[in-house]
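Input: a single structure, listed below in structure tokens.
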Amino acid sequence: MKVLVTGANGQLGTDLCRALHKFDVIPLTHADIEVADMTSVKDVMLKHKPGVIINTAGYVRVDDCETERDKAFSVNALGARNVAVVAQELGARLVHLSTDYVFGDVGETLVVSRKREGLVPSRKRHPYTEFDVPAPLNTYGKSMLAGENFIRHLCSRHFIVRTSGLYGIAGSSAKRGNFVETVLRLARERDELRIVDDQVLSPTYTRDLAHKIAQLISTECYGMYHITNKGHCSWHRFAGEILKQAGLKTPVIPITTDQYPRKARRPHFSVLDNYHLRLLGMDDMRPWQEALKDYLIAKGHIKQGRSGQSRKKNTQ
Ligand SMILES: NC(=O)c1ccc[n+]([C@@H]2O[C@H](COP(=O)([O-])OP(=O)(O)OC[C@H]3O[C@@H](n4cnc5c(N)ncnc54)[C@H](OP(=O)(O)O)[C@@H]3O)[C@@H](O)[C@H]2O)c1
């Protein structure tokens, strides 16, 4: 079966192309297809006639979406529409990637008490299931939610996959790497790091997500899925775990979102529950700390079985 992957050189796209080795993969980069342009999507997809389309293409710069609103909606909403229309025309299965940032607007007030996972909002403490009603806080989330709606209405054989806090070997070209690499670099450059402790998420290794998507496409269990590694943490705790596993001692100071203002508002709690997968007996996603360890080994930051060992010489 032919599986066409958009965003094939992105963080998730790269791991997907590897995880799909049993299939006939058609990897498409931004140079090969412009998802915001219906003609481009039609020309390319009708030429290849895939049985499965996986759309990882997206305008992912969350803060820039606030100032580049038209681009956000063109790529994340209309791009999804274009892909959905062509997938339906081909009778193809469509996997479309979405985000935890479709959630967040729950009128949260912050409880200033430290829990294990950091400073947490008082109202929302339970992970979101696929059956919770989305309410995005920022333009990125709104444009992604609009994209989800196009997919649901225009393509009958769809899998919408919401995920969160992605990091992968390839790194995101749009974000110039990923959070793990940024933390490691800054920890080596600075005396201390200051990281927000009142935004809680589930960090997810793209390799794990890619393997789960590869499993899912062979089923006919269409619909909405939340897919993240197990467990959750604040960005501060995530950074602390990265440094602990890498054997770096740079102190990480917890700060609040107010102390690190950004253009886009972000949810204080956007943890996703892999509920649909669990109902199907398919939720074997491993804890985020284990996934992080594998990532650090794969990138050469630590050696197998030797997490916590400093590798200062191998810093770049
Ligand atoms: N990163 C996260 O933490 C996160 C969290 C939740 C959900 N997601 C979603 O997961 C998906 C994959 O994310 P990722 O981290 O793998 O992103 P990524 O590394 O930035 O990859 C996105 C890919 O899409 C391509 N692309 C961007 N605009 C395009 C367009 N208009 N037409 C065709 N291709 C285009 C990019 O190519 P160029 O770079 O060459 O433009 C890049 O190859 C996205 O839909 C994202 O919204 C990401």
Side-chain angles (χ1 to χ4, degrees), residues 4-19 27-41 43-45 53-65 68 70-83 86 94-104 128 134 136 138-148 151 159-182 199 201-210 212-213 225-229 235 238 264 266-267 270-272 288:
L4 185 151
V5 179
T6 67
N9 57 346
Q11 317 192 79
L12 177 59
T14 300
D15 280 336
L16 268 170
C17 292
R18 290 189 188 133
L28 299 181
T29 67
H30 202 168
D32 303 313
I33 188 169
E34 171 52 66
V35 295
D37 176 6
M38 179 64 102
T39 307
S40 169
V41 174
D43 286 352
V44 175
M45 293 195 177
I53 295 166
I54 306 181
N55 183 34
T56 78
Y59 186 45
V60 299
R61 296 169 69 104
V62 176
D63 289 307
D64 290 348
C65 284
E68 301 276 349
D70 291 357
K71 185 169 179 188
F73 278 93
S74 296
V75 177
N76 298 339
L78 301 187
R81 189 268 319 268
N82 298 342
V83 173
V86 178
L94 171 59
V95 181
H96 176 73
L97 269 295
S98 187
T99 172
D100 54 333
Y101 282 6
V102 298
F103 293 112
Y128 290 97
N138 54 41
T139 304
Y140 169 72
K142 287 175 188 168
S143 66
M144 294 297 282
L145 180 60
E148 287 185 3
I151 301 282
F159 302 89
I160 297 171
V161 174
R162 293 184 185 136
T163 188
S164 113
L166 292 184
Y167 59 91
I169 302 290
S172 165
S173 56
K175 294 182 179 174
R176 297 199 185 91
N178 62 44
F179 183 75
V180 182
E181 296 304 319
T182 303
Q199 292 172 29
L201 72 152
S202 297
T204 301
Y205 185 17
T206 50
R207 187 177 283 181
D208 290 7
L209 175 59
K212 188 51 67 182
I213 290 173
Y225 287 86
H226 290 177
I227 309 184
T228 65
N229 279 121
W235 289 107
F238 186 20
R266 284 164 168 77
S270 61
V271 177
L272 301 176
W288 65 267

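Residues: numbered from 1 along the sequence shown. For ligands, and for the atoms within them, numbers begin at 1 and follow the listed sequence.
An N or O contact shorter than 3.5 Å links Val35 to ligand 1 by distance. No N or O atom of Thr163 sits closer than 3.5 Å to an N or O atom of ligand 1.
Val60 CG1, 4.0 Å is the protein heavy atom nearest to atom 17 (O) of ligand 1. When only non-hydrogen protein atoms are considered, atom 34 (N) of ligand 1 lies nearest to Ala57 CB, 3.4 Å. Ranking the protein heavy atoms by distance from atom 28 (N) of ligand 1 puts His30 CE1, 3.5 Å first.
Comment: Asp100 does not engage Arg266 in a salt bridge, judged by the lack of any side-chain N to carboxylate O separation of less than 4.0 angstrom. A salt bridge links Glu148 with Arg162; the closest basic N to acidic carboxylate O contact falls under 4.0 Å.
Distances below 4.0 Å separate heavy atoms of Thr99 from the following atoms of ligand 1: 6 (C), 7 (C). Using a 4.0 Å cut-off to heavy atoms of Met144, the atoms of ligand 1 that qualify are 45 (O), 47 (O). Contact atoms of ligand 1 toward Thr56: 11 (C), 12 (C), 22 (C), 44 (C), 45 (O) (distance under 4.0 Å to a heavy atom of the residue).
The shortest heavy-atom distance from Gly79 to ligand 1 is not under 4.0 Å. Distances from ligand 1 to the non-hydrogen atoms of Val75 include at least one value under 4.0 Å. Put simply, part of Ser98 is less than 4.0 Å from ligand 1, judged by heavy atoms.
Every ring-ring contact (aromatic ring centres under 6.0 Å, His included) that Phe103 has, sequence neighbours left out, goes to Tyr128, His226.
Proximity of Ala31 to ligand 1, defined as any heavy-atom pair under 4.0 Å, is not found for any part of the residue. Contacts of Arg162 with ligand 1, taken as heavy-atom pairs under 4.0 Å, are absent altogether.
Closest heavy-atom approach to atom 10 (O) of ligand 1 within the set Val5, Leu97, Asp32, Ile54: this belongs to Leu97.
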